[in-house]
J.: 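Dropping a structure here in structure tokens format, bear with me for questions.
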Amino acid sequence: MAPSPLAPEKLYTHCKLDGLDFETTSELEDLAEVIGQDRALEAIHFAAEIEQEGYNLFVLGPSGTGKHTTVLRILKQKAAEEPVPPDWVYLNNFITPHQPKALSLPSGLGRELQSAMKQLVDELRAAVPAAFESEDYRNRRQALEESARERQEKAFQVLRERAEEKNIALVRTPMGFAFAPMEDGAVMEPKAFNALPAEERERIQEEIEKLQAELEEIVKQIPGWAKEHRDALRELNREVTAQTIDQPIDKLNERFGEIEGIGEHLEEVREDLLDNVHSLLQLEIAAQQQGPGETAAGPAPGPGHLNGFKRYAVNVVVSGEESEGAPVIFENNPTLANLIGRVEHISEMGALITDFTLIKGGALHRANGGYLILDVLKVLSQPLAWDALKRALKASTIRIESAGQMMSLISTVSLEPGDVPLQAKVILCGDPLYYYLLGEYDPEFATLFKVAADFGGSMDRSGSGEALFARQLATMVKQSKLRPLNRAAVARVMEHSARLAEDAEKLSINLRAICDLTREADFFAGKAGAEVTDAAHVQQAIDAQIRRADRLRERSYEAIQRGIVLLDTEGTTVGQVNGLSVLQLGHFAFGRPSRITASVRLGAGKVIDIEREVELGGPIHSKGVLILSSYLASHFAGDKPLSLAASLVFEQSYGGVEGDSASSAELYALLSALSEVPLKQNLAVTGSVNQNGHVQAIGGVNEKIEGFFDICRERGLTGDQGVLIPASNVMHLMLRQDVIDAVAAGKFHIYPVETIAQGIELLTGRPAGERDAEGRFPTDSVNRLVEDRLVAFAEARRRFGAHDEDGGKEGGRNAGN
Amino acid sequence: MPATEKPESPGRRDALRVRRVLVALDSSAACAATLEVAAGLAAATASELSGLFVEDQDLLRLAELPFAREVQLSRGPAGKSLSRALDPALLLQDLRAQAAVAREAMAKQAALHRLAWSFQVAKGRSEEALLLAAAAGDVIAVARGFGPLARFGRISREVRLIAARAPGPLLVAGDGGAEQPGTVLLPYDASPAAEHMLAFAAGLAVTRRAPLEIMLLGETAASLEDMGERIRAAGGKDPLPPLQIWIPRDSKAALQRLCSLDRGLLVLPADEPWFENGKVEQIIERAKVPIVLQTEKEPAPA
């Protein structure tokens with residue numbers, strides 16, 4: 001039996017004003033927690049408190065549900081009660097300069113150490129030159145210089161005197177020394193030498209050879225003497241430097257020495273200063289004399305090898321100096337470098353160079369000891385960032401590596417900064433899709449993000465739901481410093497929220513959309529000079545939102561009204577029905593009626609979905625069509641093969657069809673085509689169907705009804721127009737007031753349909769028909785006509801088969817003859 | 001009498017009327033340091049810088065001797081002998097290479113100080129060739145231990161000999177690296193030689209913007225105030241540098257100061273009576289800074 005149309009009160013669930021015991025939202029107390037997310041809140045608290053590896057948090061839920069805000073608020077509250085984590089600094093590694101050391105210090109001491117080291121260097125800049133200018137140092141150095149010079153000179157002088165005794169001169173040559181016989185204070189002329197008696201010449205030659213041998217011995221010793229001299233000078237320099245630096249370094253040791261690693265570092269600083277401070281100062285003076293833009297000649301330093309006093313600096317990458325509690329960091333741009341830190345380079349003489357002072361910490365460094373909140377889509381869309389994050393969490397260390405280093409793309413000298421132990425909770429926020437995709441495709445994901453906080457998109461309207469919603473609204477209004485909403489306005493916002501939830505029994509907790517609506521209503525209230533936002537302002541804001549977004553809807557309806565898109569709203573036609581679909585354009589959705597047609601002929605039992613054939617139909621739509629074949633096969637002529645060929649098409653649809661909400665409409669068209677009973681075009685249909693003929697719930701029911709209503713209203717409501725909807729969608733109805741008014745006036749009807757039989761009766765005006773005791777449908781019922789047609793198809797097919805078979809046999813015989 | 005009317009006080013420009021600084025060169029480190037000091041002096045006196053490289057006669061004779069061998073200071077690869085046979089062609093090749101290096105150093109210093117410069121190669125004995133090349137108005141600059149037969153330590157005799165025969169002051173430098181800017185120190189005893197060098201020293205101090213230290217010797221203490229006045233007059237329009245005039249308590253203190261000056265320049269009028277009895281020799285041997293030596297007396301024969 002066909003269902004009765006729905007009463008107007010079933011089409012919209014009003015918010016009961018007497019349930020709201022306030023005049024305006026200013027009377028309501030603020031809510032501390034977000035509403036309707038109890039499960040997610042429990043998960044967040046659990047993840048924040050559990051101190052085990054891998055218990056990082058993934059906050060999933062639709063956008064606009066306040067995931068970020070809620071997580072941030074809860075974590076900030078918790079973090080405020082936790083201790084401030086230690087500072088982290090990078091220091092020069094004097095042994096392997098390209099591997100700077102990472103050290104931790106109690107919070108706030110990082111900057112103190114940095115300042116103290118800077119002060120030490122400043123002191124040394126003044127004190128060391130003074131020490132090296134002192135008379136004592138100069139005298140001792142002079143003594144060393146003279147001693148070295150005298151040692152060498154004496155050796156030569158002794159040799160020279162011995163030679164002179166034999167009238168032989170020690171002669172300086174361009175490359176060294178030589179001996180020559182003397183005559184009258186000058187080297188003997190070769191002629192004079194050759195004129196000497198042979199014995200005398202031989203004697204001189206022998207003497208000279210002996211002297212040369214002695215000279216060679218002296219010359220061999222020169223490098224050794226030079227080294228001894230350099231060592232003595234170095235020792236003197238170290239001694240003088242030590243007198244200057246020991247006291248300030250001892251002071252630093254008293255202050256910081258007990259911190260792990262600092263004592264050893266200060267000892268390394270001391271040793272390095274002893275060897276290098278003098279030359280560093282000279283380099284600095286030379287650089288100052290050369291002026292900016294010039295550098296002292298010499299090879300470029302290696303990675304991290306510093307020529308100046310910079311090597312004693314302290315690079316504070318994390319400082320909790322001004323922090324209270326543990327850090328809660330939200331990194332909005334989680335690139336690889338912003339996550340794990342980076343090593344910057346500076347250009348010098350055309351080359352890119354770096355050192356440990358150019359190491360910059362990332363979000364993980366800043367969040368170490370606290371919490372790091374990231375948007376999962378942003379992390380995943382940044383090259384190498386997701387892998388780096390997982391690596392850090394898995395190893396519980398932060399290792400700074402550039403993308404270039406990781407992929408061996410660049411050959412610039414760089415550093416390998418020491419690892420920093422990581423103790424932070426990472427919170428990823430994002431769409432549920434990413435949570436499930438990561439769970440499916442990334443095997444490490446489940447071990448690193450063990451807690452999921454699942455934010456829902458709606459909450460129950462019954463019970464205390466509306467009261468809580470009102471308080472949430474009041475809190476938002478106060479936080480956004482808007483005009484208070486009166487009771488009616490709150491009720492209208494709530495009803496709109498139910499409409500957004502597509503469920504009269506639910507409230508959408510898309511806080512962003514609600515907040516935007518409230519702000520816009522406040523704007524209209526302001527324009528009207530009202531002190532309190534009223535329901536009319538809310539409605540004005542809703543209408544304005546729709547108005548801003550519905551240009552395409554207008555164009556679509558205009559095409560129908562002008563006959564460009566064919567759609568009948570009166571009369572009857574065989575194999576043709578008005579289907580309803582929803583077009584979603586951003587945040588705005590509207591219903592669009594479409595003509596669905598079916599045609600049948602003799603065939604092999606296949607229902608052709610033309611949308612699928614041309615790849616305009618999605619898989620769910622195809623599934624719906626396949627269900628129709630199954631329905632026909634199971635309901636009609638079960639003892640005969642299904643011998644029809646049917647085609648189904650969404651007429652004038654060019655943009656693709658997805659979903660199964662038109663499957664009941666398609667079935668009605670098919671039944672009409674088979675039975676040749678015309679369908680009423682003043683009705684439109686929505687609902688999916690199962691193979692037993694039950695009509696099932698669909699989405700977007702409100703938009704679909706309103707879509708057909710708008711077309712009918714434009715053409716003039718006749719009083720017999722309406723929409724067939726699944727009965728299970730009645731609870732979702734939150735229709736526009738003009739639709740409700742038309743229903744109340746009997747000009748438009750909404751039929752809740754549970755089965756295909758009910759629907760076909762409404763659409764044809766004939767009973768669908770039920771099988772009698774003999775298993776036959778009543779005469780003239782739709783089902784009887786359908787079955788008869790299917791049986792006729794089956795018979796015709798059998799006849800065709802027999803004819804083919806006979807032909808075959810004849811052929812066989814002919815062949816046999 | 002007003003200071004401007006004192007004809008006996010030569011002005012700075014007169015005192016510094018140096019036509020040329022003639023520097024004796026080879027490729028040794030001492031010569032490079034001497035060249036640097038000489039170039040500084042040429043710049044201060046706005047004179048020409050001239051280099052003289054001598055292909056020494058004693059070296060050429062040595063190379064012609066049949067057994068001539070040279071012990072090299074720069075060591076070759078391990079196992080290579082330190083000495084090599086010397087012949088005239090090899091020596092000339094070495095000397096010419098040395099001359100080229102010296103010329104290059106000369107050009108560099110001249111460019112640095114924006115000086116007019118020249119370079120020449122001469123043959124003969126080093127001292128004689130140098131003195132032959134020098135003319136009136138020249139300051140000769142030599143390194144300590146000039147020439148192939150120079151001694152290592154006791155150089156004062158050779159230095160004094162060249163200074164006495166030179167037409168002008170002799171600049172002796174090149175020990176202990178480049179000159180460090182600092183005080184111009186003049187020992188003064190009111191002798192004509194000291195008087196002449198007073199203006200020279202004052203002029204140098206002004207142009208080098210270096211402090212001027214006058215050490216009053218003998219009976220000159222009374223003229224302390226007058227001394228200041230005359231130095232100011234010698235400075236001309238240029239502002240005077242910091243001036244220190246002082247009297248040493250005894251000869252030992254004076255000698256100590258002259259030998260211990262470790263930055264700047266020593267202007268030494270060596271013919272002052274105070275320098276007799278071997279004091280000038282001591283100073284030349286021990287001084288740590290370049291010396292501008294003015295003397296007309298040759299040392300006694302050794």
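Residue numbers start from 1 in every chain, and the chains themselves are labelled A, B, ... in the order their sequence lines are given, proteins ahead of strands.
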J.: Closer than 4.0 angstrom, basic N to acidic O: yes or no for A/D246 and A/R270?
T.: yes
J.: Out of A/Q152, A/E189, A/E146, A/R201, which one racks up the most heavy-atom pairs below 4.5 Å with chain B?
T.: A/E189
J.: Using non-hydrogen atoms and a 4.5 Å limit, figure out which bit of B/D262 sits close to chain A: side chain, backbone, both or neither.
T.: side chain
J.: Under a 4.5 Å cut-off applied to non-hydrogen side-chain atoms, are B/L25 and B/R103 in contact?
T.: no
J.: Please classify the contact between A/E150 and chain B as side chain, backbone, both or neither, with a heavy-atom cut-off of under 4.5 Å.
T.: neither
J.: Give a yes or no answer on whether the side chain of A/D272 reaches the backbone of A/E268 with a donor-acceptor pair at less than 3.5 Å.
T.: no
J.: Can a salt bridge be assigned to the pair B/R69 and A/E209 using a cut-off of 4.0 Å between side-chain N and carboxylate O?
T.: no
J.: Considering only heavy atoms, which portion of A/E164 lies under 4.5 Å from any heavy atom of chain B: side chain, backbone, both, or neither?
T.: side chain
J.: Need one label for B/R263: side chain, backbone, both or neither, based on atoms under 4.5 Å from any heavy atom in chain A.
T.: side chain
J.: I'd like to know if the side chain of B/T295 and the backbone of B/K297 have a donor-acceptor N/O pair within less than 3.5 Å.
T.: yes
J.: Which atoms of B/L86 come close to chain A, meaning under 4.5 Å heavy atom to heavy atom: side chain ones, backbone ones, both, or neither?
T.: side chain
J.: Of all of A/A186, A/P181, A/A180, A/A169, which one pairs up most often with chain B through heavy atoms under 4.5 Å apart?
T.: A/A186
J.: Report yes if the distance between the aromatic ring centroids of B/F67 and A/F193 is under 6.0 Å, otherwise no.
T.: yes
J.: Counting only non-hydrogen atoms closer than 4.5 Å, does A/E145 touch chain B with its backbone (N, CA, C, O), its side chain (CB onward), both, or neither?
T.: neither
J.: Determine, for A/R138 against A/E135, whether the closest basic-nitrogen to carboxylate-oxygen distance falls under 4.0 angstrom.
T.: no
J.: If you tally heavy-atom pairs under 4.5 Å against chain A, which of B/P148, B/P66, B/G147 wins?
T.: B/P148
